[in-house]
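Remember, predicted model here, so these are calculated numbers, not experimental data. Note that ligands are numbered from 1 as they come in the structure, with each ligand's atoms numbered from 1 the same way.
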Amino acid sequence: MNKDDQKKNTVTLAEKYLFPTYKRPPVVFVKGEGCKVWDEDGKEYLDFVGGIAVCALGHSSPVVSKALEIQSKTLVHVSNLYYTRPQVELAELLVQNSFADRVFFCNSGAEANEAAIKLARRYSREKHGAGRHEIISMVGSFHGRTMATLSATGQEKIQKGYDPLLNGFKFVPFNDLASLEKAVGSSTCAVMLEPIQGEGGVVCPAPDYLKGVKEICERKNVTLIFDEVQVGMGRTGKLFAYEHYGVSPHIMTLAKALGNGLPIGAMLSIEEMSSAFGPGSHASTFGGTPLVSAVSKAVLNSLINDGWIDHCSKMGAYFRGRLEELQKSCSTIKEIRGLGLIIGVELDRPAAPIVDSCLEKGFLINAAQEKVLRFVPPLIIQEAEIDRLCEALGEELSA
Ligand SMILES: *Cc1c(COP(=O)(O)O)cnc(C)c1O
């Protein structure tokens with residue numbers, strides 16, 4: 001089979017056998033290294049999607065390969081009926097480097113948020129009795145695709161066709177403390193939000209907004225949940241986004257970059273809440289297997305000890321500077337938002353055609369919301385790579 005036939009074959013087979021849940025371009029990727037990926041034809045692409053904020057250390061990271069090789073030859077899985085060393089060490093490392101005291105492991109961001117919702121409700125039930133189950137989340141938020149997490153997601157397009165949704169979710173506008181104050185009542189058990197909204201179009205909190213949210217939560221005895229599935233793990237230039245704002249939550253969820261591409265999620269909380277998740281209250285077959293935990297531990301250690309978080313800060317500032325330069329000559333760019341290496345560029349037109357033409361030119365970028373380009377490259381990205389993208393973007397946006 002020649003290469004053209006092979007590619008056609010992959011796309012044809014995908015169209016025949018996979019649910020059409022994604023609208024994908026006819027490109028088949030076969031290999032990745034650092035911030036580059038290659039398709040079946042050997043065409044090279046610079047990757048500013050990074051598996052959607054997943055591959056923080058890039059593709060084919062030696063850190064991941066090494067941990068994977070060693071642990072895959074040692075112990076892959078035995079079930080959470082038993083202790084395993086890598087899981088405990090990963091939990092210890094997460095606790096040592098965050099506000100949290102306890103960790104529950106699962107396999108994805110949605111599952112981490114499920115665990116957070118369940119813990120918040122159960123804790124509230126134990127502490128305050130029945131009738132206090134409501135969770136307030138934000139308009140434009142994204143928390144996942146399971147029934148509970150899509151019920152917690154403030155976007156109609158995610159919820160469409162799945163009603164009845166889970167009861168007990170209420171939405172208020174992001175960055176609006178007065179609405180939150182009014183919404184938190186006697187049936188509220190938690191407030192759940194992304195410190196920076198990712199899928200919502202890279203929307204940052206106003207100064208002191210998160211402090212205000214925490215103040216309301218503490219005054220009204222309500223649990224504060226930060227969904228750091230996308231912005232955690234160094235992406236904003238600190239290990240966790242909440243560190244920028246001087247506010248820690250009671251519960252935090254992680255996934256995406258935690259395993260650099262291996263599926264793992266985590267729900268972290270303060271000690272006070274740990275008794276609400278007693279034996280038998282929650283579980284996961286695959287959560288925190290020795291294999292994924294060993295890889296995650298290696299990833300986390302590398303992020304912390306190899307200087308990647310500072311590098312991310314520097315590259316984020318550099319990237320932003322280049323985009324701001326571009327904005328001066330491109331009226332197409334309305335606003336540039338973000339922190340570290342999560343950057344959103346709001347355009348005056350639909351983003352999809354720009355995404356397509358960048359793909360043509362050998363750049364993977366992505367749109368979050370109709371008119372917002374989102375850049376979440378590996379944290380190991382270099383200036384020269386950012387330059388190349390910005391040149392291509394300049395051509396596209398002024399065309
Ligand atoms: C991606 C994402 C999720 C869902 O994660 P999955 O691993 O796809 O279930 C939840 N919250 C946020 C903020 C995300 O970006």
Side-chain angles (χ1 to χ4, degrees), residues 19 21-22 48-56 104-120 135-155 157-159 162 166 169 171 174 190-205 210 213 224-236 240-242 244-245 249 251-268 284 286-289 292 295-296 299 337-344 366-369 372 374-377 379:
F19 275 103
T21 48
Y22 294 90
F48 282 79
V49 176
I52 316 186
V54 167
C55 308
F104 175 85
F105 289 109
C106 51
N107 312 288
S108 66
E111 277 179 76
N113 286 330
E114 282 277 341
I117 290 164
K118 287 179 74 174
L119 179 63
I135 291 170
I136 295 174
S137 90
M138 301 295 146
V139 174
S141 61
F142 181 77
H143 298 299
R145 300 286 196 152
T146 61
M147 279 309 299
T149 57
L150 77 85
S151 299
T153 290
Q155 298 188 56
K157 67 176 187 206
I158 308 278
Q159 301 176 331
Y162 295 117
L166 199 68
F169 291 90
F171 300 94
F174 190 63
V191 173
M192 179 170 186
L193 75 167
E194 302 152 86
I196 297 172
Q197 292 190 333
E199 302 302 310
V202 190
V203 184
C204 293
L210 295 176
V213 172
L224 177 59
I225 305 170
F226 279 174
D227 176 347
E228 293 224 14
V229 167
Q230 186 160 156
V231 295
M233 306 306 293
R235 169 116 345 242
T236 60
F240 302 113
Y242 72 79
H244 288 281
Y245 304 102
I251 296 178
M252 172 172 73
T253 55
L254 299 172
K256 291 201 162 86
L258 183 54
N260 207 72
L262 268 79
I264 181 168
M267 188 274 296
L268 292 74
S284 169
F286 295 123
T289 63
V292 294
V295 171
S296 287
V299 169
R337 302 189 287 261
L339 196 57
L341 283 172
I342 174 165
I343 299 181
N366 156 265
Q369 302 301 314
V372 183
R374 174 180 47 179
F375 305 98
V376 279
L379 307 190

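For ligand 1, one of its N or O atoms has an N or O atom of Gly109 under 3.5 Å away.
No side-chain donor-acceptor contact under 3.5 Å links Glu111 to the backbone of Ala115.
Around atom 2 (C) of ligand 1, the closest heavy atom drawn from Lys256, Glu194, Gln230 belongs to Lys256. Of the options Thr253, Leu254, Ile196, Asp227, the smallest heavy-atom separation from atom 13 (C) of ligand 1 is shown by Asp227. Closest to atom 9 (O) of ligand 1 by heavy atom, among Gly265, Ala255, Ala110, Gly200, is Ala110.
Taking the six-membered ring for Trp and thresholds of 30 and 60 degrees, Tyr242 and Phe226 have ring planes inclined between 30 and 60 degrees apart.
Listed by atom number, the atoms of ligand 1 under 4.0 Å from Asn113 heavy atoms are 10 (C), 11 (N). Heavy-atom contacts of Ser108 reach the following atoms of ligand 1: 7 (O), 9 (O) (cutoff under 4.0 Å).
In this structure, the side-chain hydrogen bond (donor to acceptor under 3.5 Å, both in side chains) partners of Glu114, at least two apart in sequence or on a different chain, are Thr146.
When each of Arg145, Lys157, Arg374 is checked for a salt bridge (Lys or Arg N to Asp or Glu O under 4.0 Å) with Glu199, only Arg374 meets the rule.
The salt bridge (charged side-chain N to carboxylate O under 4.0 Å, His left out) analysis of residues 256-265, with sequence neighbours excluded, yields no pairs.
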